[in-house]
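Numbering of ligands and ligand atoms starts at 1, following listing order.
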Amino acid sequence: MAASDPALHILEQQEPSTIYVTRPTLPDLDAFIPYLRKIWHSKILTNGGPFHQQLEQQLCETLGVKHIALFANCTIGLVTALQALRISGEVITTPYSFVATANSLLWNGIKPVFVDIDPVSLNLDPSKIESAITPQTTAIMPVHCYGHPCDVNAIQSIADSYGLKVIYDAAHAFGVRCESGSILNYGDLSVLSFHATKVFTTFEGGAIICPDEKTRQRINFLKNFGYADEVTVVAAGINGKMSEFNAALGLLQLQGFDESLAKRKAIDARYRAGLAGVRGIKCVEASGETVSNYAYFPILVQPDYPLSRDSLYKKFRDNDIHVRRYFYPLISEFSMYRGLPSAAPSGLPVARQISQQVICLPIYPDLRADQVDRILRLI
Ligand code: T4K
């Protein structure tokens with residue numbers, strides 16, 4: 001019956017020789033079947049079931065955080081985090097990110113105020129934040145871009161001086177640690193992504209890291225329509241819940257995480273060694289983390305490289321290597337944002353330059369050494 005199922009014909013459309021910027025690592029399908037059997041047997045599919053609870057507990061241990069609320073994805077997590085802290089008015093953020101960062105602000109009727117990035121970490125430049133603060137500013141939303149930590153102490157000190165909240169878009173920062181422990185413990189809230197393209201994936205998924213149980217409880221109300229109990233709705237909440245299917249997969253994914261990280265680390269090292277002597281190609285360096293997650297491998301194609309960034313990009317595509325220009329265009333260049341005063345290119349020279357130089361090379365645990373070498377030869 002399965003062979004004649006038209007829905008399965010889609011599998012034939014795959015292009016096996018293509019190298020993508022990323023590929024998810026999945027557990028052995030046979031290992032997932034017992035989890036599915038439990039779900040089928042219990043008929044608990046969602047609304048904070050047993051796998052959901054186990055995954056929250058295990059993530060706290062693995063990540064070194066105290067309180068976590070799972071989500072259907074990071075974007076709903078960001079939208080909810082802003083609601084939970086009652087953020088309004090203006091929020092300072094980076095233009096050098098995936099569009100979801102600023103979209104979460106617009107979905108809450110908040111005005112994003114773009115501030116330029118640091119040329120080394122590619123994260124929000126703390127020295128440029130203060131001059132963007134107005135009486136309407138209520139928070140800062142930085143991104144740990146590519147999993148490299150922001151200057152968390154400088155950002156917190158500005159936030160403390162001006163009474164601002166800090167919500168980290170930590171979509172790229174699963175497992176990243178600095179000297180004091182998890183980078184996710186900084187700020188008022190941090191929001192993770194477990195999307196298919198991330199180092200830890202539950203197909204779709206995300207989580208908010210909270211400082212205390214009371215905040216987590218409010219977030220749990222908000223992600224469940226605002227229900228506090230069967231008859232009490234305390235806020236105009238949303239449906240941001242993670243299903244039992246995704247949570248069960250997450251439990252299995254955690255078992256293979258260290259091995260995946262080790263493979264990513266080896267690929268990162270191979271790229272760095274291979275690119276060390278190449279004129280005009282700059283690798284983005286770590287920004288203070290003691291444990292990296294090797295989520296991305298961005299390179300900057302500089303003017304002394306023989307090809308332009310876009311010519312090199314095209315060369316990759318012509319060779320069936322699907323590198324990506326994360327993050328080009330800048331968020332501030334999209335139609336919803338480009339009319340904002342802070343989106344003016346003159347105020348964002350570093351972000352503009354980096355977005356015109358960047359290419360993210362393929363990196364994922366199953367990428368083979370010979371494929372990395374092919375990519376290096378093309379460069
Ligand atoms: N904040 C930041 C800083 C983010 O980077 C993101 C997401 C978010 C927030 C929001 O998180 P979520 O709400 O998604 O949890 C991808 C992802 O869709 C997006 O999640 C991610 N950032 C962004 C950086 O990259 P695209 O449009 O580049 O995805 P796509 O479909 O072109 O995938 C890239 C490659 O990955 C494909 O060429 C092949 C591979 N792939 C992808 C998918 C979806 C697979 O092998 N399997 C798959 O299922 O945005």
Side-chain angles (χ1 to χ4, degrees), residues 10-11 13-26 69-82 91 93-107 112 114 117 121-124 141-150 167-174 176 183-184 189-209 223 238-243 246 249-250 253 260 293 295-298 313 316-317 320-331 334 351 355 358-367:
I10 196 168
L11 294 176
Q13 292 167 9
Q14 283 187 348
E15 308 159 72
S17 68
T18 308
I19 301 178
Y20 294 96
V21 68
T22 187
R23 293 302 259 172
T25 299
L26 294 172
L70 294 175
F71 270 79
N73 59 61
C74 172
T75 308
I76 296 284
L78 288 168
V79 168
T80 308
L82 290 159
V91 169
T93 190
T94 169
Y96 191 75
S97 179
F98 190 61
V99 72
T101 311
N103 283 357
S104 72
L105 299 171
L106 279 200
W107 272 70
F114 297 112
I117 57 170
S121 71
L122 312 186
N123 291 324
L124 208 52
M141 184 180 273
V143 178
H144 299 299
C145 194
Y146 308 128
H148 299 311
C150 293
I167 298 175
Y168 281 102
D169 178 337
H172 302 174
F174 188 94
V176 174
I183 197 69
L184 305 171
L189 296 171
S190 290
V191 189
L192 287 164
S193 170
F194 306 153
H195 182 258
T197 55
K198 297 297 184 277
V199 291
F200 170 80
T201 178
T202 57
F203 281 22
E204 290 273 5
I208 302 184
I209 310 301
K223 80 173 185 193
I238 199 161
N239 181 356
K241 292 169 275 121
M242 176 184 276
S243 82
N246 304 92
L249 180 69
Q253 292 287 61
S260 291
N293 66 6
Y296 293 85
F297 198 89
Y313 173 79
F316 276 121
R317 297 298 282 233
D320 226 3
I321 298 171
H322 287 220
V323 297
R324 296 297 288 267
R325 289 164 291 187
Y326 298 134
F327 290 100
Y328 165 83
L330 292 177
I331 299 178
F334 292 125
S355 85
V358 73
I359 290 183
C360 284
L361 299 182
I363 185 165
Y364 51 91
D366 294 333
L367 187 68

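- Taking Ala100 as the reference, Thr75, Phe98 meet the side chain to side chain contact (heavy atoms under 4.5 Å, CB included) condition, with sequence neighbours excluded.
- Scored by the side chain to side chain contact (heavy atoms under 4.5 Å, CB included) test, Ile238 finds Ile76, Thr80 as partners (sequence neighbours excluded).
- Judged as a salt bridge (Lys or Arg N to Asp or Glu O under 4.0 Å), and not counting sequence neighbours, Arg324 has no contacts.
- Protein residues are said to neighbour a ligand when one of their heavy atoms lies under 4.0 Å from it; for ligand 1 these are Tyr20, Val21, Thr22, Arg23, Pro24, Asn73, Cys74, Thr75, Ser97, Phe98, Ala100, Thr101, Val143, Asp169, Ala171, His172, Ser193, His195, Ala196, Thr197, Lys198, Gly205, Tyr296, Arg324, Tyr326.
- A donor-acceptor pair is defined here as one N or O able to donate and one able to accept, closer than 3.5 Å; such a pair exists between the side chain of Ser190 and the backbone of Leu184.
- Side-chain atoms of Thr201 come within 3.5 Å of backbone N or O of His195 as a donor-acceptor pair.
- Exactly one residue among Asp366, Asn293, Thr25, Val199 makes a side chain to side chain contact (heavy atoms under 4.5 Å, CB included) with Ser260. That residue is Thr25.
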